[in-house]
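Shown next, in structure tokens, is the structure this report addresses.
Letters go in sequence order (proteins before strands), and every chain restarts at 1. Basis for what follows: all heavy atoms, side chains included, without hydrogens, waters or symmetry-related copies.
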Amino acid sequence: MPELPEIELLKKYVDATALNKKIVKVDFTSTSLLQSPKENFIQALKGKKIEKIERLGKYIFLKAGKNSWVVFHFGMTGKLEYYQSQEAPEYTHMTLSFEDNTHLSFVCRRKLGKIYLAGSLEEFIKDQDLGKDALDFTWNDFNELLQEKKGGLKATLTDQHSIAGIGNVYSDEILYQVGIHPKSKAEKLTEKDKKNLFEKMKEVLELAIEIGGKRSEFPSNYLIRHRKEGEDCPNCKGKVEKTSVSGRSTYFCPSCQKVKK
DNA sequence: CCCCATGTTGTAGG
DNA sequence: TCCTACAACATGGG
């Protein structure tokens with residue numbers, strides 16, 4: 001569930017379901033994802049109202065009382081589920097129960113997610129050294145960032161300390177949409193490349209949010225619809241290839257995307 | 001059994 | 001210091 005668009009949709013989901021509800025019970029099925037002692041979570045959350053929900057990058061923050069936030073990171077398979085029944089979903093790690101007998105569970109099959117406590121967003125951002133959210137970047141921010149980066153472009157796009165929110169799938173998509181090879185070096189981009197990249201970064205992420213993150217709803221000229229080795233490139237006669245960049249599986253079209261190095 | 005998967009982090013080396 | 005490669009984490013699916 002994990003990149004910026006999916007997390008933004010999850011944020012909206014929690015806004016629509018759990019906002020302003022009072023937490024009457026906090027349960028743990030496991031404590032292995034907790035970044036603070038279980039007791040601290042109970043103390044911070046029990047009896048409190050969920051006052052506000054925020055997202056930054058791939059994190060979701062729930063405000064429960066003054067200077068008290070619970071922060072979720074979803075790893076590859078995490079999500080939040082709101083429900084009324086008694087039974088928590090499979091792979092639930094933590095459940096908040098509300099006065100109206102509804103529940104919000106943090107569900108994470110592969111256990112790569114994390115749950116934190118924080119006094120403020122600012123403090124959390126500082127502790128984690130998180131970059132600015134991809135959707136909050138201005139052209140100036142983006143230009144400056146790429147100016148100071150020496151390494152691979154995809155590594156920078158997916159580095160949460162530089163730009164928060166972009167992951168493996170959307171970085172491939174953004175690079176495909178601007179016709180730049182994922183193995184390109186940030187320092188070799190022209191001003192025009194960078195401008196295009198900046199605009200497509202926003203466009204791709206915003207479109208993904210608009211269509212509810214459903215893969216089948218993306219335009220047919222999106223790589224995400226053809227994210228498989230040997231698929232036809234939707235823009236030319238080439239075939240989609242798979243390679244490894246920054247240690248991740250990377251899909252691209254070798255004739256539409258040329259390396260700048 | 002093999003490899004793959006929307007992520008992050010620690011380590012080793014250049 | 002900054003960058004890269006790679007293993008590790010954990011678990012289900014093909």
- [ ] Could you list who else is in A:L130's hydrophobic cluster, with ILVMFWY side chains joined at under 4.5 Å, directly or through other members?
- [x] A:L56, A:Y59, A:F61, A:W69, A:V71, A:Y116, A:L121, A:F124, A:I125
Between atom [atom1] in [X] and atom [atom2] in [N], what is the gap in whole Å?
X      : N      : atom1 : atom2 : answer
A:E6   : B:dG7  : CD    : C1'   : 13 Å
A:L130 : B:dT9  : CG    : P     : 9 Å
A:D129 : B:dT8  : CG    : C1'   : 14 Å
A:Y170 : B:dG7  : OH    : C1'   : 15 Å
A:K154 : C:dA5  : NZ    : C1'   : 15 Å
A:F74  : C:dA10 : CZ    : C1'   : 18 Å
A:M76  : B:dA5  : CE    : P     : 8 Å
A:Q128 : B:dT8  : CD    : P     : 11 Å

[X] side-chain N/O to [N] phosphate OP1/OP2 under 4.0 Å:
X      : N     : value
A:K114 : B:dT8 : no
A:S249 : B:dA5 : yes
A:H73  : B:dG7 : no

Open item on the list: Can you identify which nucleotide, out of C:dT4, C:dC3, B:dT6, has its nearest atom closest to the A:K150 side chain?
Closed with: C:dC3
TODO: State which of B:dT8, B:dT9, B:dG7 makes the closest approach to the side chain of A:E3.
DONE: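 Of all the options, the side chain of A:E3 is nearest to B:dG7.
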- [ ] Begin with the C-alpha distance, continue with both residues' side-chain angles, and end with the deciding distance and a verdict on salt bridge (charged side-chain N to carboxylate O under 4.0 Å, His left out) for A:D172 and A:K154.
- [x] CA-CA 8 Å; A:D172 282 1; A:K154 178 163 172 172; 2.7 Å; yes
All N/O contacts under 3.5 Å from nucleotides 11-14 of chain C to the protein, with atom names and distances to one decimal?
| residue | atom | partner | partner atom | Å |
| --- | --- | --- | --- | --- |
| C:dT11 | OP1 | A:K111 | NZ | 2.3 |

Considering every strand and a 4.0 Å limit on heavy-atom distances, what is the contact class for [X]: base, sugar-phosphate, or nothing?
X      : result
A:G152 : sugar-phosphate
A:Y251 : sugar-phosphate
A:G247 : nothing
A:R215 : nothing

Open item on the list: When the P atoms of B:dC2 and C:dA7 are compared, how many Å lie between them, rounded to an integer?
Closed with: 15 Å
Task: Whole-angstrom distance between B:dC3 and C:dC6, as gauged at atom P - done: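 It comes out at 15 Å once rounded to the nearest Å.
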Is the shortest side-chain N to carboxylate O distance from [X] to [Y] below 4.0 Å?
X      : Y      : answer
A:E51  : A:K63  : yes
A:K200 : A:E203 : yes
A:E81  : A:K79  : yes
A:D100 : A:K22  : no

TODO: Go through the steps to decide whether A:F98 and A:H103 satisfy the test ring pair (Phe, Tyr, Trp, His ring centres under 6.0 Å), and finish with yes or no.
DONE: CA-CA 6 Å; A:F98 305 114; A:H103 316 272; 7.8 Å; no
Task: For A:Y91, all residues meeting ring-ring contact (aromatic ring centres under 6.0 Å, His included), sequence neighbours excluded - done: none
- [ ] Quick one: which residue pairs count as a salt bridge (charged side-chain N to carboxylate O under 4.0 Å, His left out) with a foot in residues 177-197 of chain A, not counting sequence neighbours?
- [x] A:D193-A:K260
TODO: Under 3.5 Å for both distances, Watson-Crick or G-U wobble, that's the pair rule; now give the dot-bracket for DNA chain B, with | marking pairs to another strand and [ ] for crossing ones.
DONE: .||||.||||||||
Task: Residues forming a salt bridge (charged side-chain N to carboxylate O under 4.0 Å, His left out) with A:K58, sequence neighbours excluded - done: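 With neighbours one apart ignored, the set is empty.
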